[in-house]
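For reference, the structure discussed in these notes is given below.
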Amino acid sequence: MKLALSLTARLTLLFVLLSSSVLIGLGWLLNAAVERHFIEMDRSLLEGKVEVLERLLASPPDAQELQALDEAVLDMFRSDPKLKVFVRTDGGSTILAPPDLSFPDQAINRKQVEQADVLFAWSEGDSRYRGLATTMQTALSDLTPFLVVVAINIDHHERFMERYGRTLSVFIPVAAFLSGLLGWWASRRGLSPLRLLQQRAASVTASQLDCRLPEESVPRELRGLAHELNCMLVRLEEAFRRLSNFSSDLAHEMRTPVSNLLTQTQVALSRSRTQHEYQETLASSAEELDRLSRMIADMLFLAQADNGLSLPSIQEIRLHDEIADLLEFYDALAEEEGVRLQASGQASVRGNRLMLRRAFSNLLSNAIRHAGEGGEVRITIAEQSKTVSLIVENTGDPIPPSELPMIFDRFYRAEAARPRHGSTTGGLGLGLAITRAIIHAHDGEIAADSLGRRTRFHVTLPRSAAASAP
Amino acid sequence: MKVLIVEDESKTGQYLQQGLTEAGYTVDLSPDGVEGLHLALTEPFDLMLLDVMLPGMDGWQVLETLRRNGRDMPILLLTAKDQVEDRVRGLDLGADDYLIKPFAFSELLARVRTLLRRGRAEPEPTTLRVADLELDRLGHRATRAGERIDLTAKEFALLELFMRRKGEVLPRSLIASQVWDMNFDSDTNVVEVAVRRLRRKVDEPFERRLIRTVRGMGYVMEDEPEA
């Protein structure tokens, strides 16, 4: 199982680990430095003594003075009880040895000292010594040369190091604990903006989606997070608004036909009627219900489109062929309405044939409806380097600029189109919304403009890679 | 012709049963998947209407089991969900057609007739006749009472559809889909206009009207005099 430590605990642990390892390392470094310093101190002391001895041994001219030499040396070392000296002839006879200390064998049983500057240490009883061995030429002709070993008791150093070690072993845990405490406090303080974000996020509900996280008052590192969360809230709010608009639109749009149906049915039932009257009522109900049913289907289509439309069976579509089919479909209607239809240009796109056909059909039906008697609908297809454009242009009363941004909204109907309580999809006010959803699903764009007596719907679709019109 | 309806919504089931019975079929109704499957496995049916959302055993399972057991009558799925994946799944499992609720009864009836006709695969005659109206499919000629009628290609296709499905009420959406290949809820005014123009040529100059409007449902071609 993975242990889920809190951020504070992690940071605290990290602080403790970091501070104790730094302190231990530092302690070890200091320990080594002090140790080295002590050795240097001992060395200079011992070398000083060796120098004095060398001078003493060099001065006496004959053997008679050997006794005096002994005395002089002993005097010199006796003044400091920590200092010990051992002198031996080359031949192996000991001239001078301290009574209370035996020197290590490898220090005294050798003929020649190769490295005169190497210090060595050893323990004798409870005490510890550090020594320096050297060979010396003397003025005493028959006894030359001497092996001289000087040593010093270093118990005081050892005691110092021991105290130092003890201090460290207490200090490091205490310091680690304190830095852990500090780390805990610092991380709690450092993370407090997160708690602020948490509180604010907890207050976001469906009815309060306009609530935003404080981007300015949080530290810089969290600003990005707060900003992204806010962006998410904006998107959610937008989606939520769409959803609730959808519900209210739906309820509103269904109320009228349902109330018509109800009234009509109840009136029909209120007294007995002829068979013909019943048939009329039922047929009228069927028409109204058909309208409702198509509205529901269209609304469901749009609801799916809001969640991203999936496009099955993508294929190469020759727009001019599609438009030709649609023109054939609308031909009779246009003729009855006194509208001329024209198409020009050619291009290909990739997409779902049924959906694109539906999108263009809505545009065309819309254009014919608004062109009016004697009007004209012109479709122009053109290829650009990366896009394909399809323009559906109709003559007729323009759309007021204030209404242009709304024409793709669900249930938007131009006032002029409203009275036609007809049986057309366009009459439901969903046609253009569906067209836009389909065009968007094909990564395209649709825009409308209206100038003078001309209204244009401009569709832009990505040009199909393989497409180059024959 | 025996039709089995498996539908758990009792009102829908009853109306479908009534509608199909009145259209001349013998109809059995089953309210759940298990019973429906049992019926379909033990009795011969010419067609099955299968709701997808069923208690006990859903339509997918019923469909799969039937096909696995070698039952090959046409099956028309009814569903409230319009998901492309569902449609594909249904057809993959061996359904023959697919209708999304809410649907018009006339649409359902038209599909049922198409499926049953497909099963029979009888060769279509080259000359269609309704009363004194004649349509030569090979020669692309239509005559009524010996008089040649001048038709555009789409008018010809529309008339052919009416004559082939004489006596059936054809909903506007079916006409748009069959004649113009507009397989979505398109502007049905177009169908009205097209039928009006066809009537002007085929019916109006003559005494007997053959194309009749059935309000709220669609159009039908009949050679019986109107009641």
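The chains referred to below are lettered A, B, ... by the order of the sequence lines, with proteins before strands, and numbering in each begins at 1.
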Worksheet entry | Audit row: D325(A), W180(B), side-chain contact (heavy atoms from CB on, under 4.5 Å) steps and yes/no | CA-CA 8 Å; D325(A) 282 356; W180(B) 288 276; over 6 Å; no

Exceeds 12 heavy-atom contacts within 6.0 angstrom, atom [atom1] of [X]:
| X | atom1 | answer |
| --- | --- | --- |
| D150(B) | CG | no |
| Q315(A) | CD | yes |
| R141(B) | CZ | no |
| E207(B) | CD | no |
| Y15(B) | OH | no |

Examine whether an atom of [X] lies under 4.5 Å from a heavy atom of chain B, and if so say whether it belongs to the side chain, the backbone or both; otherwise answer neither.
| X | result |
| --- | --- |
| L326(A) | both |
| Q279(A) | neither |
| S284(A) | both |

Discussion item. So E336(A) and R196(B), do their side chains get closer than 4.5 Å, heavy atoms only?
Written reply: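 Of all side-chain heavy-atom pairs linking E336(A) with R196(B), at least one is under 4.5 Å.
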
Worksheet item: Salt-bridged, R172(B) to D290(A), with N to O below 4.0 Å?
Response: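 Here R172(B) does not pair with D290(A) in a salt bridge, since their nearest N and O are not under 4.0 Å apart.
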
Discussion item. Run the side-chain contact (heavy atoms from CB on, under 4.5 Å) test on R357(A) and D181(B) for me, step by step, so that the C-alpha distance in whole Å, both residues' side-chain angles and the decisive distance to 0.1 Å come before the verdict.
Written reply: CA-CA 10 Å; R357(A) 190 170 260 216; D181(B) 197 24; 3.6 Å; yes

Practice prompt. Would you check, one step at a time, whether the test side-chain contact (heavy atoms from CB on, under 4.5 Å) holds for R358(A) with M182(B)?
Written response: CA-CA 8 Å; R358(A) 183 172 185 180; M182(B) 297 291 151; over 6 Å; no

Worksheet item: If you count heavy-atom pairs under 4.5 Å between each of A334(A), S293(A), S285(A), A286(A) and chain B, which one has the most?
Response: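 The residue among A334(A), S293(A), S285(A), A286(A) with the greatest pair count is S293(A).
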
Worksheet item: Would you find a donor on one side and an acceptor on the other, under 3.5 Å apart, between the side chain of R215(B) and the backbone of L282(A)?
Response: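 Pair absent, no side-chain N/O of R215(B) close to backbone of L282(A).
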
Fill in: Minimum heavy-atom distance between R197(B) and A332(A), given as atom pair plus value
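Reported closest heavy-atom pair: CD-CB, 3.7 Å.
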
Worksheet item: V190(B) and F329(A): which non-hydrogen atoms are nearest, and at how many Å?
Response: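 So the minimum-distance heavy-atom pair works out to CG1-O, 2.9 Å.
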
